[in-house]
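Not measured: the values here are computed from a predicted model. Chain A is the first sequence line, chain B the second, and so forth, proteins listed ahead of strands; every chain is numbered from 1.
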Amino acid sequence: MERGAAPSRVTGMPYEVHTPVFDGPFDMLLHLILREQVDLYEINLSEIVDAYLAELDRMDRLDLEVATEFLLIAATLVELKARRLLPDDNEVDLDDELGLWEERDLLLARLVECKTFKDAALVLRKLSAHAARSYPRRVGPVEDRFIGLAPDLLERTTPEDLRAAYITATAPKPVIRVDISHITPIKVTVAEAVEELVDELPRVGRLTFRELTSELVDRIEVVVRFLAVLELFKQGVVELDQPGNFGEIAIVWIGDESVRAEAITIDTYEG
Amino acid sequence: MTADHIPPAVEAILLVAEDPLPPELLAQLVGASTDEVVEVCETLAREYEVDGRGFILAKVAGGYRYQTATEQAPYVERYVLDGQSSRLSAAALETLAVVAYKQPVSRNQIASIRGVNVDGVMRTLQQRGYVDEVARDPGPGQAVLYGTTPSFLERMGLDSVSDLPPLGEFFPGSDVVEALERGLRVVPDDEVIAEAGSDAEADSDAEADTSAEAETDAEVDGS
Amino acid sequence: MTADHIPPAVEAILLVAEDPLPPELLAQLVGASTDEVVEVCETLAREYEVDGRGFILAKVAGGYRYQTATEQAPYVERYVLDGQSSRLSAAALETLAVVAYKQPVSRNQIASIRGVNVDGVMRTLQQRGYVDEVARDPGPGQAVLYGTTPSFLERMGLDSVSDLPPLGEFFPGSDVVEALERGLRVVPDDEVIAEAGSDAEADSDAEADTSAEAETDAEVDGS
């Protein structure tokens with residue numbers, strides 16, 4: 001569902017409960033540097049490099065120019081980071097050094113450009129939100145005396161248009177959302193569910209999934225709990241046992257007491 | 001005494017309406033009594049006339065709708081003949097599509113699929129010769145059933161109705177699903193917005209048009 | 001001096017139009033000069049506003065059209081079921097921003113500005129009719145160049161692309177540039193490290209800090 005969203009597990013900073021969805025590596029880099037005020041030294045580069053590789057993967061056909069560029073950015077980042085980590089040594093080639101500075105400036109310029117358009121996009125969002133509140137009249141002539149006048153109204157309509165129109169006409173109409181979040185706050189993040197489980201499971205020791213979710217009303221909450229359990233399983237702190245298909249799932253805590261929720265790495269679950 | 005908010009609300013609704021709107025429906029939409037709405041409409045109609053507007057508010061088939069003033073007919077004709085507008089409105093196209101795929105179908109069935117009254121649109125389609133009465137429902141009430149005409153098929157370049165693009169492989173686009181889901185969501189809006197982050201990438205011709213979205217938009221605007 | 005017959009004629013034509021009508025076309029239809037028509041439309045728009053009408057005469061995508069007044073949106077939305085077009089995601093909006101400001105622009109140029117592959121987003125935007133191919137790069141490779149469409153302008157409620165605020169307004173402030181500069185520093189200066197150190201201490205009582213540090217350590221060790 002969520003193509004191209006970079007993994008948002010980010011090290012070098014406290015993980016966030018409301019994990020932002022990144023639209024590509026630049027986005028992630030901008031976010032890390034600007035909002036977290038960290039420098040490259042603190043950033044887990046593999047995330048960003050992974051994100052670049054994921055972008056390369058996404059390309060329908062490998063576009064050499066773009067691909068090279070993406071690789072170049074990733075390489076520059078690695079190089080910058082390596083330079084930050086290694087003790088200064090005098091044998092650095094001056095040309096290499098200058099080249100790196102150049103690459104860095106280029107990268108800086110591009111981040112600035114990217115940021116510029118990000119902010120410009122906010123204006124587009126505002127404009128379209130405003131425009132959406134003014135509905136155009138698209139009724140056309142309604143009087144009988146004009147209806148017959150116009151040349152063939154189907155001239156520019158294809159069978160495909162008709163199919164699309166049918167689909168639109170029969171698509172379920174979404175209901176107006178009633179925001180009741182202020183009445184019943186529902187915990188929907190996997191991170192929070194993990195936190196609860198890590199808090200509760202060591203005390204209880206063993207629990208069935210049914211017991212775990214018996215008080216939950218919302219299906220989404222059940223799903224979130226389930227993801228949290230899977231997460232704990234992946235981390236090796238619980239064991240799962242299911243006697244058969246659709247059987248009761250038993251969750252057994254096998255981690256030691258020192259396990260803390262924050263140490264459980266959460267992959268992002270979208271949607 | 002009529003509340004001030006009613007006249008502009010009535011004007012706005014009538015502006016986008018495809019069919020004449022009965023005063024009862026208008027009253028419900030703007031939160032007023034039917035009498036008040038009738039009074040408002042009559043006042044508006046008078047104002048337009050006094051101001052010498054090119055449009056009038058006409059009472060047609062038990063409802064109100066905007067029409068062009070008769071004296072402006074020559075200009076309107078010139079525009080219509082010009083061919084600039086030779087296209088079915090979205091509402092008409094949807095109605096035609098429902099008839100095409102569901103025929104034989106009654107007007108009530110179409111209205112319940114589209115969620116709006118379709119009398120006006122059906123009249124237009126019938127006048128243009130794209131749909132016609134094809135049968136009577138054998139059940140009680142004997143509703144008239146509609147279908148598409150040979151002239152419709154000809155214009156669409158189709159041999160028969162069975163040549164219409166199949167609907168079989170259709171699954172709601174992810175934006176439709178998402179809009180539906182959003183309609184049911186109770187999560188904070190930041191998250192909704194973040195999530196919407198990738199929906200444009202999902203391919204879907206069906207635009208998920210929702211009033212729920214309008215709400216989200218408004219919130220974005222306000223933040 | 002504007003002839004009296006023009007305003008109502010313009011009103012009547014605009015009432016039956018389904019798309020924004022350029023003043024040139026209106027002028028031709030009502031037998032007036034473009035300037036006269038523009039003046040008439042502006043006067044009409046002002047009148048509707050002064051009279052507190054529920055509709056407005058808007059200039060969108062190079063033409064005039066009737067729209068509902070934004071304040072009436074809540075009432076209109078009660079009636080309109082599917083008037084809203086689906087939300088644009090952040091990715092779509094950013095891509096649109098690049099196309100709008102840089103047009104004509106190739107897909108590669110957009111990708112390199114956004115630092116992300118844009119094939120999917122561009123396809124969706126093109127399907128929705130917001131961007132389109134406008135030219136070919138005369139250089140080698142003859143890349144397709146994209147620009148925004150009238151639908152884009154309609155969606156944004158803009159008369160023309162030149163009505164967008166100048167890009168310069170969005171150029172990040174010196175604090176942002178500085179932060180980025182600091183983030184990409186080649187040589188670790190003592191100050192930055194010292195700062196980072198004290199930050200970590202200050203934050204340590206804030207929730208969920210420890211694991212993060214543990215991971216950073218591991219990562220440093222590993223590299």
Asker: For A:V123 and C:F170: C-alpha separation, side-chain torsions, deciding distance, then whether side chain to side chain contact (heavy atoms under 4.5 Å, CB included) applies.
Answerer: CA-CA 10 Å; A:V123 166; C:F170 307 111; 3.2 Å; yes
Asker: Please round to the nearest 0.5 Å and tell me the distance separating atom CG of A:L34 and atom CG of C:L180.
Answerer: 4.5 Å
Asker: Please report the shortest heavy-atom distance between A:R138 and C:E18, naming the atom on each side.
Answerer: NH1-O, 3.0 Å
Asker: Which pair of heavy atoms, one from C:Y101 and one from A:A120, lies closest together, and at what distance?
Answerer: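 The pair with the smallest heavy-atom distance is CE1-CB, 3.9 Å.
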Asker: Among C:L167, C:V176, C:I113, which one satisfies side chain to side chain contact (heavy atoms under 4.5 Å, CB included) with A:T116?
Answerer: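 The side chain to side chain contact (heavy atoms under 4.5 Å, CB included) with A:T116 is passed solely by C:L167 among C:L167, C:V176, C:I113.
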Asker: Measure the CZ-CE distance between A:R125 and C:M156 for me, rounded to the nearest 0.5 Å.
Answerer: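 Here the rounded value is 9.5 Å.
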Asker: Using a 4.5 angstrom heavy-atom cutoff, name the option from C:K102, C:E169, C:E94 with the most pairs to chain A.
Answerer: C:E94
Asker: If you draw a 6.0 Å radius around CD in C:E47, do more than 12 non-hydrogen atoms from other residues or ligands fall strictly inside?
Answerer: yes
Asker: Determine the option with the most heavy-atom pairs under 4.5 angstrom with chain C, choosing from A:L30, A:I33, A:L107, A:L29.
Answerer: A:I33
Asker: By a 4.5 Å heavy-atom criterion (distance strictly below it), what part of C:L14 contacts chain A: side chain, backbone, both, or neither?
Answerer: neither
Asker: Which of residues 66-74 of chain C get closer than 4.5 angstrom to chain A, counting heavy atoms alone?
Answerer: C:Y66, C:Q67, C:T68, C:A69, C:T70, C:A73, C:P74
Asker: To the closest 0.5 Å, what do you measure between CG (A:D105) and CG (C:L184)?
Answerer: 9.5 Å
Asker: Find the distance between CG (A:D119) and CZ (C:F171) and round it off to the nearest 0.5 Å.
Answerer: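 Those atoms lie 11.5 Å apart.
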Asker: Search all heavy atoms of C:F152 against all heavy atoms of A:L124 and return the closest pair with its distance.
Answerer: CZ-CD2, 4.2 Å
Asker: Which answer fits A:V112, side chain, backbone, both or neither, if we ask what part of it has an atom under 4.5 Å from a heavy atom of chain C?
Answerer: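 Its backbone and side chain both get close to chain C.
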Asker: Is it true that C:E11 and A:R137 make a salt bridge, defined as a side-chain N closer than 4.0 Å to a carboxylate O?
Answerer: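 Result for this pair is no, no salt bridge flagged.
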Asker: Quick check: closest heavy atoms across A:L108 and C:V177, and the distance to 0.1 Å?
Answerer: CD1-O, 4.3 Å
Asker: Please say whether more than 12 non-hydrogen atoms of neighbouring residues, nucleotides or ligands are located less than 6.0 Å from CD in A:E102.
Answerer: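 No, the 6.0 Å shell around CD holds no more than 12 heavy atoms from other groups.
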Asker: For the CG atom of C:L93 and the CG atom of A:L122, what is their distance to the nearest 0.5 Å?
Answerer: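 The CG atom of A:L122 is 8.5 Å from CG of C:L93, to the nearest 0.5 Å.
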Asker: Write down the atom of C:I56, the atom of A:S134, and the distance for their closest heavy-atom approach.
Answerer: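 That would be CD1-OG, 3.9 Å.
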Asker: Under a 4.0 Å N-O cut-off, is there an ion pair linking C:R114 with A:D27?
Answerer: no
